Amino acid sequence: MLIGEQLYEGKAKVIYKTDDPNNLLAQYKDDATAYNAQKRGTIAGKGRMNCSIATHLFQKLEASGINTHFIDQPSEDQMRIKAVSIIPLEVVVRNIAAGSLCQQTGLELGTVLQQPLVDFYYKDDALGDPFLSRDRILMMDIATPEQIDALAESALRINRILIDFFLKCEITLVDFKLEFGLDHTGQMILADEVSPDTCRLWNQAEPDPNRRVMDKDRFRRDLGDVESAYAQVMERVLAQPVQ
Ligand code: 5GP
C-alpha cells in the first residue's frame with residue numbers, strides 16, 4: 001500500500017489517501033483535546049494504544065455481524081480503512097448517567113438507565129456539537145427517517161456486543177460515541193474509532209468515583225494517570241478473543 005497525500009487532519013487522527021481510491025489510511029495521534037478543543041494536550045502512546053484497542057473492537061464487531069470501515073492495522077498506530085462519506089452525526093449510546101446527561105437532566109452520576117438511551121448530536125465544531133432532535137435532523141436534511149432508524153438500531157446492537165465484551169474485561173461500559181458513514185456502494189458502516197477517547201469505561205473492581213475512571217475523562221477532568229489507564233484498557237481488551 002502506498003501512502004498518498006493527506007486528506008484531512010482531525011483532533012485525534014490524520015487521514016491519508018492510498019493507491020486504492022476506496023481505501024484510506026488513518027494515522028492515530030497522541031494529541032488529546034476536550035471541551036470542543038478548548039483544552040489541549042498529549043497522552044503519550046495514545047495513538048498506538050487507541051489504534052490497537054479500536055482494531056480489536058472493530059474485529060470483535062465484524063465477527064458479530066457489524067459492518068465497519070476497518071480493513072487492517074499495518075502498524076501500531078496506523079489503520080487501513082474504507083473510504084466513507086461521514087454522516088455528520090455523533091450517535092451517543094448511554095447505559096449509565098454521566099457527563100452531559102447529568103448536566104442537562106440533573107440525573108445523579110452513576111444512575112443506571114432502565115434502557116439504553118440513544119442521543120444524536122450535530123458533528124459541527126463551530127456550533128459546539130449541539131444536541132439534535134429527530135425532527136431537527138430531518139429538517140436539516142442530514143439523514144432520512146430510515147437512516148435515523150438504522151443508526152439507532154445499529155448503535156443499540158453495537159452497545160449489546162460491547163457491554164458483553166467489556167464485562168469480560170471487568171469494565172463497565174457507561175456510554176460511548178459512534179460515527180457512521182456511507183461507503184462507495186451506499187452502505188451505512190461504522191466509522192471513526194471506538195476507544196477510551198470515545199467511551200466512558202469504569203473499572204468494576206474500583207468503587208471510588210475518580211479512581212474507577214479508565215477513559216478520556218481522566219484527561220478532561222485532570223484526574224492524572226491517563227496513560228496508565230489507557231494501557232490498562234488495552235491490556236484487558238487485547239486479552240479477550242475477538243471470535
Ligand atoms: P457527553 O455527551 O457526556 O459529553 O459524552 C457522551 C459519550 O460520548 C462519552 O463517552 C464521550 O467520550 C463521547 N463523546 C461525545 N462527544 C464526543 C466528541 O466530540 N469526541 C469524543 N472523543 N467523544 C465524544
Side-chain angles (χ1 to χ4, degrees), residues 8-15 26 28-43 46-47 49-51 53-54 57-58 79 86-113 116-133 137 142 151-152 154-156 158-159 161-163 165-166 169 171-181 190-203 209-210 212-223 226 229-230 233 237:
Y8 167 81
E9 176 154 15
K11 286 172 258 179
K13 294 182 284 296
V14 186
I15 308 293
Y28 279 62
K29 302 195 289 184
D30 288 354
D31 296 350
T33 62
Y35 310 117
N36 202 15
Q38 289 174 55
K39 180 179 167 79
R40 289 171 184 275
T42 52
I43 300 172
K46 179 171 82 79
M49 292 192 280
N50 275 2
C51 188
I53 294 166
L57 295 175
F58 280 138
M79 189 185 289
I86 286 281
I87 299 168
L89 290 175
E90 296 190 340
V91 184
V92 170
V93 183
R94 303 175 189 276
N95 298 304
I96 294 176
S100 70
L101 182 65
C102 294
Q103 283 157 18
Q104 291 167 3
T105 65
L107 272 178
E108 194 184 334
L109 174 71
T111 307
V112 177
L113 307 185
L117 181 65
V118 180
D119 284 335
F120 294 100
Y121 297 83
Y122 188 29
K123 200 173 136 55
D124 186 314
D125 287 338
L127 296 175
D129 295 347
F131 181 86
L132 286 184
S133 65
I137 296 171
I142 297 172
L151 287 168
S154 180
L156 289 171
I158 292 167
N159 185 42
I161 298 161
L162 293 182
I163 284 177
F165 182 87
F166 279 115
C169 304
I171 290 173
T172 299
L173 179 62
V174 174
D175 59 25
F176 58 98
K177 183 255 314 180
L178 301 173
E179 294 182 25
F180 294 83
L190 180 64
D192 195 48
E193 69 181 270
V194 184
S195 74
D197 267 14
T198 63
C199 302
R200 284 199 172 92
L201 303 169
W202 290 352
N203 185 354
N210 287 338
R212 70 186 170 190
V213 174
M214 304 179 84
D215 57 73
K216 197 171 158 192
D217 273 353
R218 297 209 75 82
F219 168 77
R220 293 187 185 105
R221 295 168 44 208
D222 292 320
L223 296 175
V226 189
Y230 277 57
V233 173
V237 164

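One-based numbering, in listed order, for ligands and for the atoms of each. Owing to the predicted nature of the structure, the values given are computational and were not obtained by experimental measurement.
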To check your reading of the model: name the closest protein heavy atom to atom 11 (C) of ligand 1, its residue, and the distance in Å. R220 NH2, 3.6 Å
Tightest non-hydrogen contact, residues M214 and P196, listed as O-CB, 3.9 Å
If we ignore hydrogens and angles and just use 3.5 Å, is the side chain of K29 paired with the main-chain N or O of G10 as donor and acceptor? yes
Only heavy atoms of F176, strictly under 4.0 Å: list the atoms of ligand 1 that pass. 8 (O), 10 (O)
Between K13 and the options D197, D192, D30, the salt bridge (Lys or Arg N to Asp or Glu O under 4.0 Å) test singles out D192
Which atoms of ligand 1 have any heavy atom of K216 under 4.0 Å away? 22 (N)
Among all protein non-hydrogen atoms, which one is nearest to atom 2 (O) of ligand 1, and what is the separation to 0.1 Å? S100 OG, 2.6 Å
For atom 19 (O) of ligand 1, what is the nearest protein heavy atom, given as residue, atom name and distance? E90 OE2, 3.2 Å
Against the six-membered ring of F219, is K39 placed for a cation-pi contact (under 6.0 Å from the centre, within 45° of the normal)? yes
Would K11 count as a contact residue for ligand 1, given that I'm defining contact as a non-hydrogen atom of the residue lying under 4.0 Å from a ligand atom? no
Is the contact between V92 and ligand 1 made by the side chain, the backbone, both, or neither, using heavy atoms and a 4.0 Å cut-off? side chain
Quick one: look up the protein heavy atom nearest atom 20 (N) of ligand 1 and list residue, atom name and how far away it is. K177 CE, 3.8 Å
Starting from atom 22 (N) of ligand 1, find the nearest protein heavy-atom neighbour and note its residue, name and distance. D197 O, 2.9 Å
For atom 9 (C) of ligand 1, find the nearest protein heavy atom and state the residue, atom name and distance (0.1 Å precision). D175 OD1, 3.2 Å
Using only heavy-atom distances, determine whether the side chains of N95 and N159 contain a donor-acceptor pair under 3.5 Å. yes
Which residue and heavy atom of the protein sit nearest atom 5 (O) of ligand 1, plus the separation: R200 NH1, 3.6 Å
Taking all atoms of both residues into account, what is the closest heavy-atom pair of C199 and D215, and its distance? O-CB, 3.1 Å
Keeping R218 on the side-chain end and L223 on the backbone end, is there a donor-acceptor pair under 3.5 Å? yes
Within the structure provided, determine whether L151 and L89 are in side-chain contact (heavy-atom separation under 4.5 Å). yes
Which atoms of ligand 1 are found less than 4.0 Å from any heavy atom of G99? 3 (O)
Which part of D119 is near ligand 1, with near meaning a heavy atom under 4.0 Å away: side chain, backbone, both or neither? neither
Part of A12 with heavy atoms under 4.0 Å of ligand 1, whether side chain, backbone, both or neither: neither
Against heavy atoms of D129, which atoms of ligand 1 measure under 4.0 Å? 19 (O)
So, for W202 and G110, which heavy atoms are closest and what is the spacing to 0.1 Å? CH2-CA, 4.0 Å
So, K216 side chain and V226 main chain: donor-acceptor pair closer than 3.5 Å or not? no
